[in-house]
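Residue numbers begin at 1 in each chain, while the letters A, B, ... track the order of the sequences.
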Number of protein chains: 2
Amino acid sequence: MADSQPLPDTADVAWLTESEQEAWRQLLRVLLRLPSAFDGLLRQADDLVLVEYNVMAFLSEAPGRSLKMTAIAAEADLSPSRLSHLIGRLEKRGWVLRHPATDDKRVIMATLTAEGYASVQRLAPRHVRDVRELVFDRLTAEQVDQLSRIAAAIAAR
Amino acid sequence: MADSQPLPDTADVAWLTESEQEAWRQLLRVLLRLPSAFDGLLRQADDLVLVEYNVMAFLSEAPGRSLKMTAIAAEADLSPSRLSHLIGRLEKRGWVLRHPATDDKRVIMATLTAEGYASVQRLAPRHVRDVRELVFDRLTAEQVDQLSRIAAAIAAR
DNA sequence: TTACAGTGTTTGAACGTTCAAAGAATTAGG
DNA sequence: CCTAATTCTTTGAACGTTCAAACACTGTAA
């Protein structure tokens, strides 16, 4: 709950400059709109959310279409719990299979089924088109590189 | 559900270039990490999520600390339903009050209470510090302007 | 060998968001 | 006017995510 703790004195605060405020406002709009835009499009296409598609895409590129849960979580930036629930959903649809690894009995491998693979293949063109439409068609080549660097800086831990 | 519709032929797809892929990967990480980072910090500070803080911030700057639901939804980029639930939560805490407008009886005004205002005041310095830490301290002044333009382009409808 | 810390994964309840539906008040057109 | 379309807001169920707790297995070190 609330902790009224060592807060900086209001006078000492380095408030945002005008251009920082503007950037922050726009960034917030992206954070709110982009994920739901993709979720909406993918849901319409195949009742999928963006992170689910991404996980399937990762799996489809992995050797044997198979990855350790931990590896997926790291690549897709998901918590173990979130991934576990997510894989559960995909499993229920028959798109992914779970089976324990042979060497380390703690680890679970997630494998894309043939149907799962077919779904990714089917969805990929549309998804790429959407990414273009919602992101890259709106940017110059220079801005794409700027975005890479900016996003990498922000996403770094 | 699934609709196997006019999908572009796989051969015709304009796949992402190498640098677009990189930008997309980094952007995805931002979309996943930044919101939960802020939610975590605000939750720890006062059991609030980012959008709730933003709504309170908007209200705190409005004349009479009061705004129509529609106006908040537009500014904060929230669906009517999402906002209604959100205001309900803030109301339950005594930070916001709901009352019907006098001229148009359909519209509801949300007003920040004294306690609500105090909370925003108390949280603002910490929040600004967090925004700096997670975003602007990581960017050059030039990148801040680039971010403004890029984010505005992506967020545009 | 046993104990203990660490790793990999799951579980279920609590929470915030979405979605479709609805109600209530206003506006526009005939 | 009267009706129909539109606007503003809420509701509740379904869904995905978070969080804390738990369990099983591995590694380590006494």
Side-chain angles (χ1 to χ4, degrees), chain A residues 1 31-44 46-56 66-93 96-111, chain B residues 1 31-44 46-56 66-93 96-111:
Chain A
M1 260 296 163
L31 294 180
L32 279 169
R33 285 186 189 179
L34 211 47
S36 36
F38 280 109
D39 283 352
L41 288 166
L42 280 165
R43 197 182 299 279
Q44 190 185 351
D46 229 334
D47 197 20
L48 226 54
V49 292
L50 182 55
V51 284
E52 290 171 341
Y53 175 86
N54 272 325
V55 166
M56 305 233 304
S66 197
L67 284 172
K68 305 196 308 183
M69 294 293 274
T70 315
I72 306 176
E75 254 188 308
D77 230 311
L78 303 174
S79 72
S81 163
R82 185 173 179 180
L83 179 62
S84 185
H85 287 298
L86 189 159
I87 293 288
R89 273 175 263 141
L90 296 181
E91 202 177 15
K92 210 172 282 176
R93 293 185 158 204
V96 159
L97 230 62
R98 256 193 273 228
H99 48 94
T102 49
D103 49 333
D104 186 337
K105 287 179 199 152
R106 289 169 303 180
V107 347
I108 299 284
M109 308 292 297
T111 305
Chain B
M1 260 297 161
L31 294 180
L32 279 168
R33 285 185 189 180
L34 211 48
S36 35
F38 280 109
D39 283 353
L41 288 166
L42 279 165
R43 197 181 298 279
Q44 191 185 350
D46 229 334
D47 197 22
L48 227 52
V49 292
L50 181 56
V51 284
E52 290 170 341
Y53 174 86
N54 272 325
V55 166
M56 304 232 306
S66 196
L67 284 172
K68 305 195 309 183
M69 294 293 274
T70 315
I72 306 176
E75 254 189 307
D77 230 310
L78 303 175
S79 72
S81 163
R82 185 173 179 181
L83 178 62
S84 185
H85 287 299
L86 188 158
I87 294 289
R89 273 175 263 141
L90 296 180
E91 203 177 15
K92 210 172 282 175
R93 293 185 159 203
V96 160
L97 231 62
R98 257 195 272 228
H99 48 95
T102 50
D103 51 332
D104 186 336
K105 287 179 199 152
R106 289 169 305 181
V107 346
I108 299 283
M109 308 292 297
T111 305

Q.
What is the first contacted nucleotide of DNA chain C and what is the last, in 5' to 3' order, if contact means an atom lying under 4.0 angstrom from a heavy atom of chain A?
A.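 That gives a stretch of C:dG6 to C:dC19.
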(Q) Quick check on DNA chain D: between B:G40 and A:V49, whose nearest nucleotide comes earlier from the 5' end? (A)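 First, find each residue's nearest nucleotide; the 5'-ward one identifies A:V49.
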Measure all distances between protein nitrogen or oxygen atoms and nitrogen or oxygen atoms of nucleotides 23-27 of chain D, and list the pairs falling under 3.5 Å.
residue	atom	partner	partner atom	Å
D:dT26	OP1	A:K105	N	3.1

(Q) Show the nearest heavy-atom pair for residues B:S66 and B:M109, with the distance to one decimal. (A)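 For B:S66 and B:M109, the tightest heavy-atom pair comes out as OG-CE, 3.8 Å.
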Q. B:I87 and B:A110: which non-hydrogen atoms are nearest, and at how many Å?
A.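 Shortest heavy-atom separation between B:I87 and B:A110 comes out as CD1-CB, 4.2 Å.
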Q: Output the residues of residues 80-90 of chain B in contact with DNA chain C, where contact means a heavy atom of the residue under 4.0 Å from an atom of the strand; sort by number or write none.
A: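 Within residues 80-90 of chain B, the residues near DNA chain C are B:S81, B:R82, B:H85, B:R89.
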Q. Which atom pair, heavy atoms only, marks the closest approach of B:L97 to B:E91?
A.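 Between these two residues, the closest heavy atoms are C-OE2, 4.4 Å.
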Q: Check whether any side-chain N or O of A:D104 sits under 3.5 Å from a backbone N or O of A:R106 as a donor-acceptor pair, and report yes or no.
A: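 Pair found, side chain donor or acceptor close to backbone of A:R106.
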Q. Can you find a heavy atom in the side chain of A:V49 that is under 4.5 Å from one in the side chain of A:L86?
A.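 With C-beta onward as the side chain, the pair stays apart.
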Q.
Between B:L42 and B:E52, is the side-chain contact (heavy atoms from CB on, under 4.5 Å) condition met? List the steps.
A. CA-CA 10 Å; B:L42 279 165; B:E52 290 170 341; over 6 Å; no
Q: Answer whether the closest heavy-atom distance between the side chains of B:V55 and B:L78 falls below 4.5 Å.
A: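 Yes, side chains in contact.
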Q: Flag the pair B:R89 / B:R93 as yes when at least one side-chain heavy-atom distance between them is below 4.5 Å, and no otherwise.
A: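 Of all side-chain heavy-atom pairs linking B:R93 with B:R89, none is under 4.5 Å.
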Q: May I ask you to test the B:V96-B:T111 pair for a side-chain heavy-atom distance under 4.5 Å?
A: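 Answer no - side chains too far apart.
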Q: Verify the contact: side-chain N or O of B:R98 to OP1 or OP2 of D:dT9, cut-off strictly under 4.0 Å; return yes or no.
A: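 Result: no.
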**Q.** B:L67 side chain reached by B:E75 side chain, heavy atoms, under 4.5 Å
**A.**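 Yes, close enough: below the 4.5 Å cut-off.
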